[in-house]
J.: 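Handing you this structure, nothing more for now.
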Protein chains: 2
Amino acid sequence: MLKKLDPLLHSELRLAIMSLLISVNRADFKYLKEETESTAGNLSVQLTKLEEAGYIIVKKGFKGKMPQTVCSITKKGTEAFEKYVNDLKGYLNL
Amino acid sequence: MLKKLDPLLHSELRLAIMSLLISVNRADFKYLKEETESTAGNLSVQLTKLEEAGYIIVKKGFKGKMPQTVCSITKKGTEAFEKYVNDLKGYLNL
DNA sequence: ATAAAGTAGTTTATAATATAAACCAAAATT
DNA sequence: AATTTTGGTTTATATTATAAACTACTTTAT
């Protein structure tokens with residue numbers, strides 16, 4: 001009945017990141033930091049975890065002269081997110 | 001936009017406990033352990049946390065000669081659960 | 001009647017996770 | 001040219017979850 005939730009997604013910040021990336025497709029570090037109201041350190045750590053899991057792609061480049069980190073969601077990430085949402089529904093009586 | 005999630009409820013086991021108690025109203029330790037497939041130790045710890053928060057009531061008694069712990073959800077717990085579900089919806093694109 | 005095994009938990013220790021603090025390199029500002 | 005700001009990473013610490021060990025008692029088998 002109650003499905004085991006993907007521990008990588010059952011984290012407030014990582015879930016927020018994925019939720020944002022699902023709707024906007026691409027987002028840079030600054031944007032994610034603002035929208036999630038997280039600290040840079042925490043965001044950095046969680047992006048790395050999502051990247052290592054293959055849920056997102058992280059590209060480092062420059063915007064003008066300033067470094068810029070751009071993130072996007074992968075197919076695997078989208079599927080994992082959708083599965084998580086469905087599994088979670090079992091807990092929420094939706 | 002993205003609301004801060006109640007950390008007490010954003011835990012797989014505690015959420016499962018609350019979800020079960022919402023639907024059945026009363027449940028004993030054994031039933032919760034079976035349904036959640038948790039270890040007794042983890043369940044014990046999480047029930048105490050929910051009790052301390054005033055989200056559930058834990059009553060210790062006996063069933064025949066064996067000890068029995070019966071749990072039920074409080075009004076505060078029900079309200080917290082409902083708020084959590086609503087806040088979470090913002091993350092899930094539902 | 002007693003030893004062994006099972007029930008219903010709690011407590012304590014350890015592993016995993018999240019968060020914050022400290023740091024770094026370069027750019028922009030004063 | 002010193003200071004502050006930007007855009008991060010790394011490391012340390014606090015929190016949380018999980019597992020292991022223990023308690024107290026009951027039931028069953030010998």
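Every chain is numbered from 1, with letters handed out A, B, ... down the list of sequences.
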J.: Phosphate oxygens OP1/OP2 of dG8(D): is one of them under 4.0 Å from a side-chain N or O of Ser44(A)?
T.: no
J.: Which whole-number value in Å describes the distance from Leu13(A) CG to dT19(C) C1'?
T.: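 These atoms are roughly 10 Å apart.
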J.: Starting the side chain at C-beta, find the nucleotide from dA18(C), dT9(D), dT6(D) nearest to Ala40(A).
T.: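 Closest nucleotide to the Ala40(A) side chain: dT9(D).
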J.: Under a 4.5 Å cut-off applied to non-hydrogen side-chain atoms, are Tyr91(A) and Met18(B) in contact?
T.: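 Side chain of Tyr91(A) against side chain of Met18(B), heavy atoms only: no contact under 4.5 Å found.
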J.: Given dA8(C), dT18(D), dT16(D), which nucleotide is nearest the side-chain atoms of Gln46(B)?
T.: dT18(D)
J.: So what does Lys63(A) touch, heavy atoms closer than 4.0 Å: a base, only the sugar-phosphate, or nothing?
T.: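 Nothing, no nucleic acid heavy atom in range.
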J.: I need the CG-P distance between Leu5(A) and dA17(D), as an integer number of Å.
T.: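 Nearest whole value for this atom pair: 13 Å.
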J.: Tell me the interatomic distance from Glu34(A), atom CD, to dG8(D), atom C1', rounded to whole angstroms.
T.: 14 Å
J.: According to the interplanar angle, ranging from 0 to 90°, do the rings of His10(B) and His10(A) count as parallel (below 30°), tilted (30 to 60°) or perpendicular (above 60°)?
T.: parallel
J.: Tell me what Thr48(A) touches on the nucleic acid: a base, only sugar-phosphate, or nothing, going by heavy atoms under 4.0 Å.
T.: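 Thr48(A): no heavy atom of the nucleic acid under 4.0 Å.
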J.: If only side-chain N and O atoms of Arg14(B) are considered, is one of them under 4.0 Å from the OP1 or OP2 phosphate oxygen of dA17(D)?
T.: yes
J.: Look at Lys4(A) together with Glu12(B) and state whether they make a salt bridge at an N to O cut-off of under 4.0 Å.
T.: yes
J.: Using the side-chain heavy atoms of Val45(A), tell me which of these nucleotides is nearest: dG8(D), dT17(C), dT10(D).
T.: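 Side chain of Val45(A) sits closest to dT10(D).
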J.: Base, sugar-phosphate, or nothing: which does Lys33(B) touch, judged by heavy atoms less than 4.0 Å apart?
T.: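 It contacts nothing in the nucleic acid.
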J.: Under 4.5 Å between any side-chain heavy atoms of Ile57(B) and Ile73(B), yes or no?
T.: no
J.: Would a 4.5 Å heavy-atom cut-off, applied to side chains only, mark Leu32(A) and Leu47(A) as touching?
T.: yes
J.: State which of dG9(C), dT9(D), dT16(D) makes the closest approach to the side chain of Thr69(B).
T.: dG9(C)
J.: Whole angstrom is fine here: how far is it from CG in Asn42(A) over to C1' in dT9(D)?
T.: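 My rounded result for the distance is 13 Å.
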J.: Roughly how many Å is it from NZ in Lys30(A) to P in dT9(D), rounded to a whole number?
T.: 16 Å
J.: Just how far, in rounded Å, is P of dT17(C) from CD of Glu52(A)?
T.: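 Taking CD of Glu52(A) and P of dT17(C), I get 12 Å after rounding.
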J.: Measure CG/Leu47(B) against C1'/dA8(C) and give the value in whole Å, please.
T.: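 The answer, rounded to whole Å, is 13 Å.
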J.: 5'-most contact on DNA chain C: Lys65(A) or Ser11(A), nearest heavy atom basis?
T.: Ser11(A)
J.: Hey, are Asn42(A) and Gln46(A) close enough side-chain-wise for a donor-acceptor pair under 3.5 Å?
T.: yes
J.: Just checking Ser38(A): base, sugar-phosphate only, or nothing, at a heavy-atom cut-off of under 4.0 Å?
T.: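 Contact class for Ser38(A): none.
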J.: Between dA27(C), dT9(D), dA8(C), which one does the side chain of Met66(A) approach most closely?
T.: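 Side chain of Met66(A) sits closest to dA27(C).
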J.: Is any side-chain nitrogen or oxygen of Gln68(B) closer than 4.0 Å to OP1 or OP2 of dA8(C)?
T.: no
J.: Rounded to whole angstroms, how far apart are CD on Glu37(A) and P on dT19(C)?
T.: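 After rounding, the gap between these two atoms is 13 Å.
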J.: Between Lys60(B) and dA8(C), is there a side-chain N or O to OP1/OP2 distance below 4.0 Å?
T.: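 So the side chain of Lys60(B) is outside the cut-off, no N or O lying under 4.0 Å from OP1 or OP2 of dA8(C).
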